[in-house]
Amino acid sequence: MSILNQKFNTVHDSAPFSQIKVTDYIPAFDNAIAKTKAEIAKITENKQDPSFENTLEAMAYSGLELDRISNIFFNLHSAETNDELDKLAQEIAPKLSALSNDITLNFELFERIKKVYDQRDSFSLNPEEATLLEKSYRNFVRNGALLNDEEKKKLRKIDAELAVLKLKFGENVLAETNAYQLHITSQEDLKGLPEGAIEAAKGAAESLGKSGWVFTLDYPSYIPFITYADNRDLRKEITLAAGRKAFQNNEHNNEENILKITNLRHQRANLLGYPTHAHFILEERMAENPDNVNAFLTDLLNKAKPAAQREFKELSDFSQRIQGISKLEKWDGSYFSEKLKQERFDLDDELLKPYFKLENVLNGAFLIAEKLFGIRFIEIDNIDKYHPEVQTYEVIDDNQDLVAVFYADFFPRKGKRNGAWMTSFKPQYIQDGIKQCPHVSIVCNFTKPTVTKPSLLTFNEVTTLFHEFGHALHGILANTTYPTLSGTSVYWDFVELPSQIMENWCYEKEALELFAKHYQSGEMIPMELIAKIKKSASFLEGMATLRQLSFGLLDMGWHGKDPKNINSVKSFESEIFESTNLFPDVEDNAMSPAFSHIFNGGYSSGYYSYKWAEVLDADAFSFFQQHGIFSRHVATLFKDNILSKGGTEHPMELYKRFRGQEPTVDALLKRAGLID
């Protein structure tokens, strides 16, 4: 039997990464799938009348071993993959899809759940139990329990195909990201670039056995280049390379995958009785339906567009004035935005970076969590890591009790996908009176330390760290009975509230004083820099809002109607972007083929939720501001009603209990400078 099928004999039941061999995974999955099937069979074969305990509760605790193995495998597939894991993922995904279908299309199991559901008023269920029953019943109906045998067969086929296509999409994006290198051999071409970016590029070149400097499409390499490099031709080259990801005439092209994924999702929704994939998804969201989402996006678009157009003209005039650029292009946006920001606020990201040493920022996030929620992070070295760069922590409360295990993985490397995310290796739950602690991880791609410098973060990276840390707190402070309702197991348009609210502390003097210290002198960040950070927070916010809305509209475009007549990914996308485009279009670039959030992540019909959550977070943070940003009273309300509750109740009910009212859009519009 694979080590993954046994009880881990490790500190805090942590994953034994160093003992897992690639050959362990398939047998482990096969064993755990068989075990899960046996657990389900035990429920369906129970001769007693169906009850909440012998059906719903038994189901909630089934498959825990399989979930644990899946968490380990798929987290490594994102953060530390290789060709072998890629191949295994293609084999494992259909197995899991088939099992999921076996469960949700199991007539006897659904009959038992339906009996409990139909008699729900006769059971004395608490809010969490009532939610588990409601969600379980709806999950079965939404996954085909009411279909006939022929339709169920069709659904299984669609789900198996989708599982493989989504994986393939992600692998193509990663392959394209890894395939590109901008190799520079002339010092002249480095003009304008910060010293840290140059040093990192030199290290990248050396690791590849090349002379000079290498820049890649990994964000810590790509973003500084397009923001600071004076050489416009090279900015153009790398920008176009990023825009061509998985949109080239090669084996990694994702256009066909997109058309297949969207058509299969639409067919699946129709099969289940929904007009579109968006209708299916949004039934289980705060937004409820596509009309509400489109109205929300359109309302914000109407409010942001005049500001965005003003800002774009201002940026165009500025680029004309300082460099004689007559037409602003995509490869000019970040560069001239940074130059204008420096002129207007006398604020340069490079001046800020020395005050944001990664270790200090992380400790700052820990300190803020301690002040707000009474938890402490203690670094440990007695548990396994999947890579030497990963840092591991115990999270303890005021009583010195263990609350969670926390992993942090900060630097880019081959085999790690771009971007930043929070995930979990083990959820929190309570079984037989024993509380299982969550094992939570954040994964980022920040600039690596060099021979002469530690990892110094841009201000944008500081907010990214706080964002992912907010997601982590949602997992760490979870306190629910059932694993399926724990932590971030909430509606997708609610899940960004804990992450986005944490970014607000990055702009506050009281918070910055805890961690923004010069990495050499230890000197506190000067007050005038804090004032400038605060003042620049809404800089070009109209343009940023328009960009975010364009992604939400593209997502709804793909999923809010029948895609069968879409033949060209590029033409379709151009049509959608017509209302939000500021920069001239680039013919051989497209967003969709690398839009992993909606084609490989969990955000299909849900990208709007970033903006939706900004409404929630601006409203929620204004409550903190009224009482003090370190108010333990407000923090306790937030912890008890939002962070600890997971998906145990409807999010609007939880929000109103925390805030005393429904959120309004005003706080967001004020913060963004879009209204007075």
Side-chain angles (χ1 to χ4, degrees), residues 52 55-64 67-68 70-71 100 103-104 113 116-117 120 125-143 280-288 403-404 421-431 435-440 470-501 601-606 608-610 612-613 616-617 620 637-659 662-663:
F52 178 82
T55 303
L56 278 301
E57 196 161 76
M59 250 184 71
Y61 293 125
S62 69
L64 287 175
D67 287 344
R68 192 83 200 271
S70 295
N71 285 343
S100 174
I103 294 171
T104 52
I113 292 167
V116 179
Y117 184 77
R120 59 194 178 280
L125 302 179
N126 66 32
E128 183 174 354
E129 291 166 342
T131 299
L132 183 72
L133 173 57
E134 173 74 29
K135 281 192 173 180
S136 300
Y137 175 76
R138 278 172 68 168
N139 183 47
F140 271 73
V141 173
R142 285 165 55 79
N143 283 288
F280 171 76
I281 292 290
L282 293 167
E283 184 182 60
E284 294 275 275
R285 301 287 187 266
M286 289 178 83
E288 296 178 342
V403 176
W421 61 94
M422 165 267 178
T423 186
S424 121
F425 285 102
K426 180 187 175 189
Q428 174 275 328
Y429 58 96
I430 298 165
Q431 190 178 17
K435 184 174 177 179
Q436 298 289 331
C437 290
H439 294 193
V440 170
H471 280 310
L473 289 173
H474 205 177
I476 287 165
L477 293 169
N479 188 18
T480 65
T481 305
Y482 306 111
T484 50
L485 299 178
S486 182
T488 55
S489 300
V490 300
Y491 282 180
W492 275 79
D493 50 4
F494 193 60
V495 80
E496 295 297 332
L497 168 61
S499 56
Q500 288 184 189
I501 196 173
Y603 279 87
S604 64
S605 303
Y608 75 90
S609 59
Y610 281 106
W612 187 277
L616 297 175
D617 100 67
L637 282 174
F638 193 70
K639 181 174 92 170
D640 291 351
N641 294 298
I642 307 281
L643 296 177
S644 69
K645 291 290 187 191
T648 56
E649 291 181 65
H650 193 283
M652 191 56 86
E653 291 308 310
L654 296 176
Y655 190 86
K656 286 192 293 192
R657 214 172 295 149
F658 153 67
R659 184 73 170 91
E662 287 198 5

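Computed from a predicted model, the values in this text were never measured in an experiment.
At a threshold of 4.5 Å between non-hydrogen side-chain atoms, the residues Asp67 and Pro483 do not count as touching.
A donor-acceptor pair under 3.5 Å is formed between the side chain of Glu129 and the backbone N or O of Asn126. In terms of modelled atom types and a separation under 3.5 Å, the side chain of Thr480 and the main chain of Lys645 share no donor-acceptor contact. At least one donor-acceptor pair closer than 3.5 Å links the side chain of Arg120 to the backbone N or O of Tyr117.
The CG atom of Leu473 sits 6.5 Å away from the CG atom of Leu643 when rounded to the nearest 0.5 Å. Between Asn71 atom CG and Thr423 atom OG1 the span is 6.5 Å, to the nearest 0.5 Å. Once rounded to the nearest 0.5 Å, the distance linking OG of Ser136 with CG of Leu485 reads 7.5 Å. In this structure, the separation between CD1 on Ile113 and CZ on Phe140 is 3.5 Å, given to the nearest 0.5 Å. Within the model, atoms NE2 of His650 and CZ of Phe494 stand 9.5 Å from one another, a figure rounded to the nearest 0.5 Å. To the nearest 0.5 Å, the span separating NZ on Lys426 from CZ on Arg68 amounts to 5.5 Å.
Glu496 and Ser499 share a side-chain donor-acceptor pair at under 3.5 Å.
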side-chain contact (heavy atoms from CB on, under 4.5 Å) assessment of Ile430 paired with Asn479 | CA-CA 8 Å; Ile430 298 165; Asn479 188 18; 4.1 Å; yes
Output, in order, the C-alpha distance, side-chain angles, deciding distance and verdict of side-chain contact (heavy atoms from CB on, under 4.5 Å) for Tyr491 and Glu284.
-> CA-CA 7 Å; Tyr491 282 180; Glu284 294 275 275; 4.2 Å; yes
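Checking each of Gln431, Lys135, Glu57 against Tyr482 for a side-chain hydrogen bond (donor to acceptor under 3.5 Å, both in side chains) leaves exactly one that passes, namely Glu57.
The two residues Leu616 and Pro663 come nearest to each other via the heavy atoms CD2-CG, 3.4 Å. Heavy atoms only, all atoms of each residue included: Asp493 and Ala287 are closest at OD2-N, 2.9 Å. Residues Thr481 and Tyr429 share a closest heavy-atom pair of O-CB, 3.4 Å. Nearest approach of Ala478 to Ser486, heavy atoms of both residues: CB-OG, 3.4 Å. In terms of heavy-atom proximity, Pro498 sits nearest to His474 at CG-ND1, 3.3 Å. The minimum heavy-atom distance linking Leu497 with Ala620 is given by the pair CD1-CB, 4.3 Å.
Between Tyr610 and Tyr603, the distance from one ring center to the other falls under 6.0 angstrom.
Taking the six-membered ring for Trp and thresholds of 30 and 60 degrees, Phe658 and Phe638 have ring planes more than 60 degrees apart, a perpendicular arrangement.
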